[in-house]
Amino acid sequence: MALRRAASLLLRPRLRAPVPIPTPKTPNPLLLPPRRHFSQLPPPPVPASAAAAAAAVAEEAFEAAKGTKDLLAAFSRLEAVMPPSDKRLALACIKLGQHLEASGAADPSRVLALALRSLGILEATPNSATSTTASHSDAVSLAMALHLAGSASFDLSRFHDALSFLTRSLRLVSPLLPSSSSAAAASGDDDAQGFDVRPVAHAVRLQLANVKTALGRREEALADMRACLDLKESILPPGSRELGAAYRDLAEAYSTVLDFKEALPLCEKALELHQSTLGKNSVEVAHDRRLLGVIYTGLEQHEQALQQNEMSQKVMKSWGVAGDELLHAEIDAANIKIALGKCDEAVTVLRNVSKQVEKDSEIRALVFISMAKALANQEKAGDTKRCLEIACDILEKKELAAPDKVAEAYVEVSSLYEMVNEFDKAISLLKRSLGMLERIPQAQHMEGNVAARIGWLLLLTGKVSEAVPYLEDAVERMKDSFGPKHYGVGYVYNNLGAAYMEIGRPQSAAQMFALAKEVMDVSLGPHHSDTIEACQSLANAYNAMGSYALAMEFQKRVVDSWRNHGPSARDELKEAIRLYEQIKIKALSCLSPENSAIALPEPLEKEVDSDSTRVAQQ
């Protein structure tokens, strides 16, 4: 029963960031030896039966306690009458720690102390989960203690400690899930008969997703979130409101890494479920539609995005939902209108929003950023800069209060300075953003993107030697955050290759272009225009190295790819053929009678010659 009560809290938490840690003004009572009042003479020995009875009474009182004050008092009585190595005391530590964490009644160090105390007892038990004779319930108890330790470590921003605790917990609980053959073997254990381990596994997976997100390992975090959803689907009844929220949470996570194709069906599931259970005009439906608008925007389906956004606003207004959420939705609508080329309409919306917010509010800064975007699209450079200056003045005042949001806003402001050719200002803001992000442990996934942007702008403005270290750093950070085959990693490889070409390192450049092409082949497809450009860059690098046979091989692939695009790529095909002919002339001029048989495949030349003739005729 103790396990069931301790596990009952585990499905409650949702994805969250580390909580701020208050500085304790008084010593932490759980980290100090328990206070006991001793008489000068030792007490008379208590009969074993009386001790057992006292322990039973204390345990029953602890189980019956509800509030924080009652639980702490009951726990003190329990530890006074139980041996320090008693397994029941370990389970009580777990229950108290879970309550303190869920209620926010204690700082995370107190929770961690309880978790470690529980671990110490459970791991010292002869039949602990670490032994070969461990029972089902032993493994679950230890997994829950490890989860609690991992959760508290996360709140203390000790992410690597948290990862270690949680990984151990997952290893213990995974074989006990119903789908595992190990579960069948454990089902005869009387201690755990009927105990559902899935909520424990869900809690562990969810916290692993939190930790990996904080460490910048977004792809791995998504895998844990997907596992969380699978567990919730098996635990919750069909049509559960919480299941709909789980679909939306995962859709939002995919949107964060710009994987809008994966996000779309999940958000549609959330919408369908919420409509069928709560009605078409529920607040949950409004949240779903707003996220759908973001996803459609990412997919560049702007008409659908605007439709979803307007329907979301309509529902929110009908329920009287006001404040920041509705204002953010209106700013989203303005941004969609800008993407549709309806800049004047967007400006009208933004002016209306600006009248509803305080002068130095974060939302007002976002309004001026969006207004600058509309003006930049209308090529009104002066007005654009004035709006960006106002936004930056507001953001600067918010740096300490909301560094993550301000850093993200600076990135968007820098992109608008790019649009009006203020590259130095854009680079300066990006460097400022990067400095802020480096001080936020859970923002590592953004650091790679910002470093890559700085490197690209430095490369664009001819500051190649400055660009290289930023691009090299960005590659490693982005691989850690998004995985080695993410398309963003391919673009950074491509830019790094271009930088190496500029500083006279064609061999290094060829390696980077080859990696870029490999990534883009997987993430974008071999016939995507950016993949073809990476292949073209690789041919250029081999040409610069004098490796003409390889240069011709990759240039021929460029020709074939542009040919597959049809008439729309006629100019690109013509240029690719010209470069092929140029490389072939260089190759032939380097051949002597002795090595004239070096691989310049005749069929390739004939195919390109026929292409050249067709283009000339056109």
Side-chain angles (χ1 to χ4, degrees), residues 13-19 108 143 146-147 149-174 201-231 246 249-263 266 298 403-404 407-408 411 433-434 436-453 470-493 515 518-519 522-523:
R14 300 272 292 279
L15 283 173
R16 58 195 174 86
V19 299
L146 287 163
H147 167 265
S151 184
S153 297
F154 173 79
D155 288 340
L156 290 164
S157 296
R158 300 176 187 173
F159 301 129
H160 290 286
D161 288 347
L163 186 62
S164 176
F165 286 127
L166 293 165
T167 302
R168 284 179 61 198
S169 181
L170 186 62
R171 278 200 299 266
L172 286 169
V173 80
S174 292
H202 174 272
V204 174
R205 284 281 195 181
L206 184 62
Q207 196 62 284
L208 272 171
N210 288 326
V211 172
K212 289 174 182 177
T213 299
L215 288 170
R217 293 157 62 170
R218 286 288 173 122
E219 291 294 321
E220 294 178 42
L222 279 170
D224 285 310
M225 289 186 69
R226 174 65 76 172
C228 280
L229 179 60
D230 293 340
L231 285 163
D249 285 345
L250 186 54
E252 193 168 358
Y254 275 113
S255 298
T256 301
V257 296
L258 308 182
D259 193 344
F260 298 108
K261 288 183 179 179
E262 286 287 342
L266 289 163
D404 52 341
E408 191 173 350
V411 173
S433 175
L434 183 59
M436 294 171 66
L437 292 171
E438 287 173 340
R439 296 191 293 272
I440 306 172
Q442 61 269 34
Q444 292 183 31
H445 66 286
M446 292 179 62
E447 293 175 26
N449 287 326
V450 176
R453 196 77 185 169
Y470 280 104
L471 293 169
E472 289 174 337
D473 181 53
V475 163
E476 297 307 315
R477 293 186 195 231
M478 292 184 71
K479 283 196 303 186
D480 287 343
S481 295
F482 303 108
K485 298 299 182 185
H486 191 272
Y487 68 89
V489 176
Y491 284 112
V492 182
Y493 275 135
L515 289 168
E518 181 183 337
V519 172
V522 173
S523 58

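Reckoned from all heavy atoms, side chains included, excluding hydrogens, waters and symmetry mates. The structure presented is a predicted model; accordingly, all values stated were derived computationally and were not measured.
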For this session: Go through the structure and list residues passing ring pair (Phe, Tyr, Trp, His ring centres under 6.0 Å) with Phe482, not counting sequence neighbours.
Result: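 If we apply the ring pair (Phe, Tyr, Trp, His ring centres under 6.0 Å) test to Phe482, skipping adjacent residues, the hits are His486.
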Below 4.5 Å, heavy atoms only, C-beta onward: do [X] and [Y] meet side chain to side chain?
| X | Y | value |
| --- | --- | --- |
| Arg217 | Leu163 | yes |
| Arg226 | Asp230 | yes |
| Leu250 | Leu222 | yes |
| Val475 | Leu515 | no |
| Phe159 | Phe154 | yes |
| Tyr493 | Lys479 | yes |

What are the two closest heavy atoms between [X] and [Y], and how far apart are they?
| X | Y | result |
| --- | --- | --- |
| Gly448 | Ala474 | O-CB, 3.5 Å |
| Ala263 | Ala251 | CB-O, 3.3 Å |
| Val204 | Ser169 | CG2-OG, 3.2 Å |
| Ser523 | Lys485 | CB-O, 3.5 Å |
| Met436 | Pro403 | CE-O, 3.4 Å |
| Met225 | Ala209 | CG-CB, 3.6 Å |

How many angstroms lie between [atom1] in [X] and [atom2] in [Y], if you round to the nearest 0.5 Å?
| X | Y | atom1 | atom2 | value |
| --- | --- | --- | --- | --- |
| Leu206 | Asp249 | CG | CG | 8.5 Å |
| Leu437 | Met446 | CG | CE | 5.0 Å |
| Leu208 | Thr213 | CG | OG1 | 10.5 Å |
| Glu476 | Ser481 | CD | OG | 11.0 Å |
| Ser151 | Leu146 | OG | CG | 12.5 Å |
| Met478 | Leu471 | CE | CG | 11.0 Å |

Exercise. Are the side chain of Ser153 and the backbone of Arg158 linked by a donor-acceptor contact shorter than 3.5 Å?
Worked result: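 The answer is no, because no donor-acceptor pair under 3.5 Å joins these two groups.
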Exercise. Would Leu215 and His160 satisfy side chain to side chain contact (heavy atoms under 4.5 Å, CB included), going step by step from the backbone distance to the final call?
Worked result: CA-CA 8 Å; Leu215 288 170; His160 290 286; 3.8 Å; yes
Problem set entry | Chi angles and distances behind the side chain to side chain contact (heavy atoms under 4.5 Å, CB included) call for Asn449, Val411 | CA-CA 10 Å; Asn449 287 326; Val411 173; over 6 Å; no
Problem set entry | With sequence neighbours excluded, residues passing side chain to side chain donor-acceptor pair (under 3.5 Å) with Asp224 |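 Arg205, Lys212.
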Exercise. Counting heavy atoms not belonging to Glu408, are there more than 12 under 6.0 Å from its CD?
Worked result: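 Atom CD in Glu408 is not crowded, with 12 or fewer foreign heavy atoms closer than 6.0 Å.
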